[in-house]
2 protein chains.
Amino acid sequence: MPTMSSLTIGALAKRTGVKIPTIRYYESIGLLPEAPRTGSNRRTYDDKAVNRLRFIRHARELGFEVEAIRQLLAMADDPGRPCRDADLLARTHLAEIESRIARLEALRDEVRRMVDGCAQDQVRSCHVIEVLADHAHCLHDRH
Amino acid sequence: MPTMSSLTIGALAKRTGVKIPTIRYYESIGLLPEAPRTGSNRRTYDDKAVNRLRFIRHARELGFEVEAIRQLLAMADDPGRPCRDADLLARTHLAEIESRIARLEALRDEVRRMVDGCAQDQVRSCHVIEVLADHAHCLHDRH
DNA sequence: TCTCGATCCTCCAGTCTCTGGAGAATTTAG
DNA sequence: CTAAATTCTCCAGAGACTGGAGGATCGAGA
Ligand SMILES: [Zn+2]
Ligand SMILES: [Zn+2]
Ligand SMILES: [Zn+2]
Ligand SMILES: [Zn+2]
């Protein structure tokens, strides 16, 4: 049978790698349910809380926003429904990542050109400064 | 000869594509100098301000942080010095962009795997939810 | 049992880069 | 002259935490 453990917030933090203030923050925004308290008002957690917090941490590491995680958690709590919505959320996130990559790659190209084009002399003739001062030096017309 | 124009903040905003509250914000953090005021306390700008603000906007579009821009502006104001520092700043920024791209590409791979692995049935067996619940499903050991 | 350091509590402020609204004053167009 | 547009200051909010102040409580050793 599973261990009937009751964890302090510090133990939960260690087990999940999430900092204590962050745990309290997640509770305050309703991502974690309000933890039951001891007689002296300290939060206690069980294994379910560990799993939920790990889920949150992992989703955050994968770049999901809190609002998305809130919905994913609600879905995870309801195993019978179709997973269309969860998949759509993930696919939307994927598209967002891809567009951020594309944007950053364009930036990288411009900044690289900026850096490589400089003869390393005086600011007067610095290609970096010139490019910054005038977008006409850029390849892409928008950034 | 250059037009001896005196612009309102609204005209400056139109000319540079920077919103009015943002212009005031830049002034408040010292990126833009305090604009001279009319008798009725309205800010006035000249062509130099237009150039400075365009420089800021372009640098922001290229992803430079405000602190970096502050330094770049100081350098641009001093054309005689060597441009080593400006170039170093840009190179540092380039490295930062590259590392963000690498991180996002790793994320993209994981999220794509997550999405592609789902058979689109019930939440119970949803690959998206499974992966989120357990990092062991991931390829990279860190995100 | 006493005490001390570790842990916990709440509340608040700060991070970063804006963005927008309230309410008042002034300018501009018709 | 009036009404609409613009500007002013101040303040709050966004997202996702992070950290500090000041105080209460816990566990372990003497
Ligand atoms: Zn240079
Ligand atoms: Zn450009
Ligand atoms: Zn699914
Ligand atoms: Zn993972």
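Keep in mind that the numbers below use all heavy atoms, side chains included, and drop hydrogens, waters and symmetry copies.
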Visitor: When you check the gap from the basic side-chain N to the acidic O, do A:E27 and A:R43 get nearer than 4.0 Å?
Guide: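 Counted as a salt bridge, because a side-chain N and a carboxylate O are separated by less than 4.0 Å.
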
Visitor: Under 30°, 30 to 60°, or over 60°: which ring-plane class applies to B:H143 and A:H58, parallel, tilted or perpendicular?
Guide: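 Tilted.
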
Visitor: Starting at CZ of A:F64 and ending at C1' of D:dA16, how long is that distance when rounded to a whole Å?
Guide: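 Atom CZ in A:F64 sits about 17 Å away from atom C1' in D:dA16.
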
Visitor: Salt-bridge test for B:R70 and B:E67: reply yes if a basic N is under 4.0 Å from a carboxylate O, no otherwise.
Guide: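 Answer for the salt bridge query: yes.
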
Visitor: Does any donor atom in the side chain of B:H140 or B:E110 lie under 3.5 Å from an acceptor atom in the other side chain?
Guide: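 On atom types as modelled, these side chains qualify, holding a pair under 3.5 Å.
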
Visitor: Which parts of nucleotides 18-30 of chain C does protein reach within less than 4.0 Å, heavy atoms only, written one letter per nucleotide 5' to 3' as B for base, S for sugar-phosphate only and - for none?
Guide: BBS----BBS---

Visitor: What is the distance from CZ of A:R57 to P of D:dC17, rounded to the nearest Å?
Guide: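 Rounding to the nearest Å, CZ of A:R57 and P of D:dC17 are 11 Å apart.
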
Visitor: To the nearest Å, how far apart are A:I56 CD1 and D:dA16 C1'?
Guide: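 Nearest whole value for this atom pair: 13 Å.
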
Visitor: Return the value, rounded to whole Å, for the distance between atom CG of A:L7 and atom P of C:dT7.
Guide: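 Distance check: A:L7 CG to C:dT7 P gives 15 Å.
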
Visitor: Whole Å only: how far is the CD atom of A:E67 from the C1' atom of D:dA16?
Guide: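 After rounding, the gap between these two atoms is 12 Å.
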
Visitor: Can a salt bridge be assigned to the pair A:E98 and B:R112 using a cut-off of 4.0 Å between side-chain N and carboxylate O?
Guide: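 Between B:R112 and A:E98 there is a salt bridge, with a charged N closer than 4.0 Å to a carboxylate O.
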
Visitor: Expressed in angstrom and rounded to an integer, what is the separation of A:I23 atom CD1 from D:dA16 atom P?
Guide: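 Atom-to-atom, A:I23 to D:dA16, this comes out as 18 Å.
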
Visitor: Let me know the distance between CZ of A:R43 and P of C:dT7, rounded to the nearest Å.
Guide: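 A:R43 atom CZ is separated from C:dT7 atom P by 17 Å.
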
Visitor: Aromatic rings B:H137 and B:H127: how do their planes relate, parallel, tilted or perpendicular, breaks at 30° and 60°?
Guide: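 The rings of B:H137 and B:H127 stand perpendicular, inter-plane angle above 60°.
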
Visitor: Could you state the atom-to-atom distance from CG of B:L32 to P of C:dT17 in whole Å?
Guide: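 These atoms are roughly 15 Å apart.
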
Visitor: Closest approach to the side chain of B:I20, judged atom by atom: which nucleotide of C:dC9, D:dT7, D:dT9 is it?
Guide: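 Nucleotide nearest to B:I20's side chain: D:dT7.
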
